[in-house]
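As the structure is a prediction and not an experimental result, all values here were calculated from the model.
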Amino acid sequence: MARLAQTAGLTDIQQEILSTVRDFVDKEIIPVATELEHRDEYPQQIVDGLKELGLFGLMIPEEYGGLGESLLTYALCVEEIARGWMSVSGIINTHFIVAYMLKQHGTQEQKDHFLPRMAAGDIRGAFSMSEPALGSDVSAITSKAVKDGDEYVLNGQKMWLTNGGTSSLVAVLVRSDEGHPEGTAPHKSMTTFLVEKEPGFGEVRPGLTIPGKIDKMGYKGVDTTELIMDDLRIPADRVLGGATGRGFYQMMDGVEVGRVNVAARGCGVAQRAFELGVQYAQQRHTFGKPIAQHQAIQFKLAEMATKVEAAHAMMVNAARKKDSGERNDLEAGMAKYLASEYCKEVVEDAFRIHGGYGFSKEYEIERLYREAPMLLIGEGTAEIQKMIIGRRLLEEYRFQG
């Protein structure tokens with residue numbers, strides 16, 4: 001039987017990278033993922049292995065010490081990693097969003113300073129948009145930067161930082177009214193700051209506190225945190241791109257990459273759920289035969305496999321569109337929406353196939369059942385994706401009456 005979610009047209013180098021990552025996942029992640037997840041333990045040994053493989057520099061240009069690979073290669077690697085343990089893919093994702101934003105929008109000095117160490121995995125990235133009183137409404141950000149000589153003073157509270165504790169560089173989006181007259185649209189008065197800090201919790205630099213890990217239903221192991229700025233002073237040369245007022249556009253460009261990543265994660269988790277379901281269906285016997293021979297289970301497996309294939313195809317299309325240099329917010333929104341919804345459905349079907357054993361922590365499907373819901377809200381809810389898709393469709397199909 002052909003393996004699901006194959007990708008046509010890959011180069012020999014891409015195939016070699018994916019084969020290496022797949023072997024690493026099978027040998028180093030899957031055997032320990034459930035145990036580490038139950039302990040909510042940061043997968044340091046796994047992260048060290050990814051660093052040795054050079055994956056922290058996968059999309060960073062070769063001139064900065066990276067591998068210079070495409071978004072498609074990155075997304076396919078994320079798909080494999082998420083198949084092993086979704087939390088590990090989250091550690092990679094936030095790092096790459098920051099690296100991508102630096103590559104696309106950073107000054108030459110910022111690129112030279114950060115990208116080589118990010119490629120080596122010595123600097124780990126995180127990014128921050130959300131706040132306690134807002135979710136997807138980025139225009140409602142209240143955290144603020146005020147110019148003071150050659151520095152900016154930042155105040156405010158940010159929420160839901162993946163890698164908030166373990167990262168050493170955080171791209172933070174705040175309001176910056178300096179140079180923008182009253183009445184300026186909110187998205188035109190936002191700035192991204194590159195905030196360097198020590199890894200860990202508590203006061204990680206003067207004026208910056210990471211209180212601790214947020215306890216979550218799933219997506220464990222990786223640290224999700226708050227970030228509190230209290231008169232945090234940042235040099236003016238740490239404004240991403242060197243000019244204020246561009247932060248919203250820079251972040252949205254990064255989020256498009258993030259949405260492809262979330263789609264890839266959904267594909268990976270769904271693939272693993274299918275693998276677990278189809279294996280268990282051939283091992284479990286009822287009424288004198290494996291349950292896989294019952295038509296009801298075969299129908300369920302057929303539906304699951306079809307959803308895995310469809311989500312993978314849309315994710316690949318979105319990645320290739322971005323790699324081509326074209327606008328891909330429509331394709332990324334569609335891929336993220338479909339892959340996350342299908343992931344939830346495939347995981348639930350695999351859970352149902354396992355019957356009562358699916359409710360036991362001894363079985364891997366129990367972990368996937370708690371992890372899948374995060375993809376429904378990460379990088380924008382389904383409702384946000386539908387808004388993006390709908391608006392883009394109306395642009396493309398504008399009535400000319």
Side-chain angles (χ1 to χ4, degrees), residues 93-111 113-115 118 123 125-148 150-164 167-197 207-208 226-259 261 322 327 329 332 378-380 384 388:
N93 178 43
T94 50
H95 175 83
F96 266 110
I97 287 179
V98 178
Y100 174 82
M101 290 168 61
L102 274 163
K103 181 184 73 169
Q104 295 296 107
H105 306 288
T107 65
Q108 192 59 53
E109 185 275 332
Q110 289 167 352
K111 295 176 185 179
H113 181 76
F114 290 113
L115 288 180
M118 293 187 79
I123 289 180
F127 77 104
S128 175
M129 291 191 296
S130 188
E131 296 182 358
L134 64 94
S136 299
D137 184 10
V138 180
S139 65
I141 281 176
T142 59
S143 297
K144 193 169 184 178
V146 176
K147 186 78 178 292
D148 183 19
D150 293 332
E151 296 180 317
Y152 285 86
V153 180
L154 277 60
N155 283 281
Q157 184 177 3
K158 309 298 284 186
M159 194 72 175
W160 307 118
L161 275 76
T162 301
N163 285 347
S167 60
S168 45
L169 174 65
V170 184
V172 181
L173 184 66
V174 301
R175 300 183 68 87
S176 56
D177 295 334
E178 173 259 336
H180 308 290
E182 187 175 346
T184 300
H187 62 278
K188 293 184 178 180
S189 60
M190 294 185 186
T191 299
T192 301
F193 286 87
L194 301 170
V195 179
E196 297 171 85
K197 70 176 187 65
L208 181 65
E226 299 175 67
L227 179 148
I228 300 171
M229 300 173 289
D230 184 11
D231 290 338
L232 170 64
R233 290 187 168 270
I234 301 294
D237 62 3
R238 288 299 175 258
V239 171
L240 180 61
T244 62
R246 301 175 182 173
F248 178 83
Y249 304 100
Q250 294 164 345
M251 279 281 181
M252 290 304 104
D253 190 22
V255 166
E256 282 186 16
V257 173
R259 284 177 179 147
N261 171 282
K322 187 76 170 178
R327 181 179 178 181
D329 53 343
E379 312 296 8
I384 290 295
I388 293 169

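- Note: Ile384 CD1 to Arg259 CZ = 7.5 Å, rounded to the nearest 0.5 Å.
- Every residue two or more places apart in sequence or in another chain was checked for a ring pair (Phe, Tyr, Trp, His ring centres under 6.0 Å) with Tyr100, and none qualifies.
- Taking CE of Met252 as the start and CG of Leu173 as the end, the distance is 7.0 Å to the nearest 0.5 Å.
- Between Lys197 and Ser167 the shortest side-chain heavy-atom distance falls below 4.5 Å.
- With sequence neighbours left out, the salt bridge (Lys or Arg N to Asp or Glu O under 4.0 Å) criterion links Lys144 to Asp177.
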Item to check | Verdict with supporting geometry, Asn93 and Glu379, side-chain contact (heavy atoms from CB on, under 4.5 Å) | outcome: CA-CA 11 Å; Asn93 178 43; Glu379 312 296 8; 3.4 Å; yes
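- The stretch residues 93-105 participates, sequence neighbours left out, in no salt bridge (charged side-chain N to carboxylate O under 4.0 Å, His left out) pair at all.
- Partners of Asp329 according to the salt bridge (Lys or Arg N to Asp or Glu O under 4.0 Å) rule, which considers only residues two or more places apart in sequence or in another chain, are Arg327, Arg392.
- Residues passing the side chain to side chain donor-acceptor pair (under 3.5 Å) test with Asp231 are Asn155, sequence neighbours excluded.
- Minimum interatomic distance between Leu154 and Ala145 (heavy atoms only, all atoms of both residues): CD1-CB, 3.7 Å.
- Interatomic distance, Gln110 CD to Leu102 CG, rounded to the nearest 0.5 Å: 6.5 Å.
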Next on the checklist: Before you tell me yes or no, could you show the steps for Val146 and Tyr152 under side-chain contact (heavy atoms from CB on, under 4.5 Å), namely the whole-Å CA-CA distance, both residues' side-chain angles and the distance that decides it to 0.1 Å?
Outcome noted: CA-CA 5 Å; Val146 176; Tyr152 285 86; over 6 Å; no
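- Put simply, CE on Met101 and CG on Asp253 are 8.0 Å apart, with the number rounded to the nearest 0.5 Å.
- Remark: Glu256 engages Lys322 in a salt bridge (Lys or Arg N to Asp or Glu O under 4.0 Å) (not counting sequence neighbours).
- When all heavy atoms of Leu115 and Ala99 are compared, the pair lying nearest together is CD2-O, 3.9 Å.
- A distance of 12.5 Å separates NZ in Lys158 from CD1 in Ile228, rounded to the nearest 0.5 Å.
- Side chains of Met229 and Val172 form a contact here, defined as non-hydrogen atoms less than 4.5 Å apart.
- Between atom OG of residue Ser128 and atom CE of residue Met251 there is a gap of 7.0 Å, rounded to the nearest 0.5 Å.
- For Ile123, the side-chain contact (heavy atoms from CB on, under 4.5 Å) test picks out Phe114, Arg117, Met118, Ser168, Leu169, with sequence neighbours left out.
- Judged as a side chain to side chain donor-acceptor pair (under 3.5 Å), and not counting sequence neighbours, the contacts of Ser143 are Glu131.
- Listed by chain and number, the residues in a side-chain contact (heavy atoms from CB on, under 4.5 Å) with Ala140 are Leu134, Asp137 (sequence neighbours excluded).
- Annotation for Leu232 and Gly207: closest pair CB-O, 3.6 Å, computed over non-hydrogen atoms.
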Item to check | From CA spacing to verdict: side-chain contact (heavy atoms from CB on, under 4.5 Å), Thr244, Lys147 | outcome: CA-CA 11 Å; Thr244 62; Lys147 186 78 178 292; over 6 Å; no
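- Residues that satisfy the side chain to side chain donor-acceptor pair (under 3.5 Å) test with Arg238, not counting sequence neighbours, are Glu109, Glu196.
- Contact of the Phe193 side chain with the Val174 side chain is registered, since non-hydrogen atoms from C-beta on lie closer than 4.5 Å.
- The side chain to side chain donor-acceptor pair (under 3.5 Å) test applied to Thr94 returns Asn163, not counting sequence neighbours.
- In this view, Asp148 and Arg233 satisfy the salt bridge (Lys or Arg N to Asp or Glu O under 4.0 Å) rule, not counting sequence neighbours.
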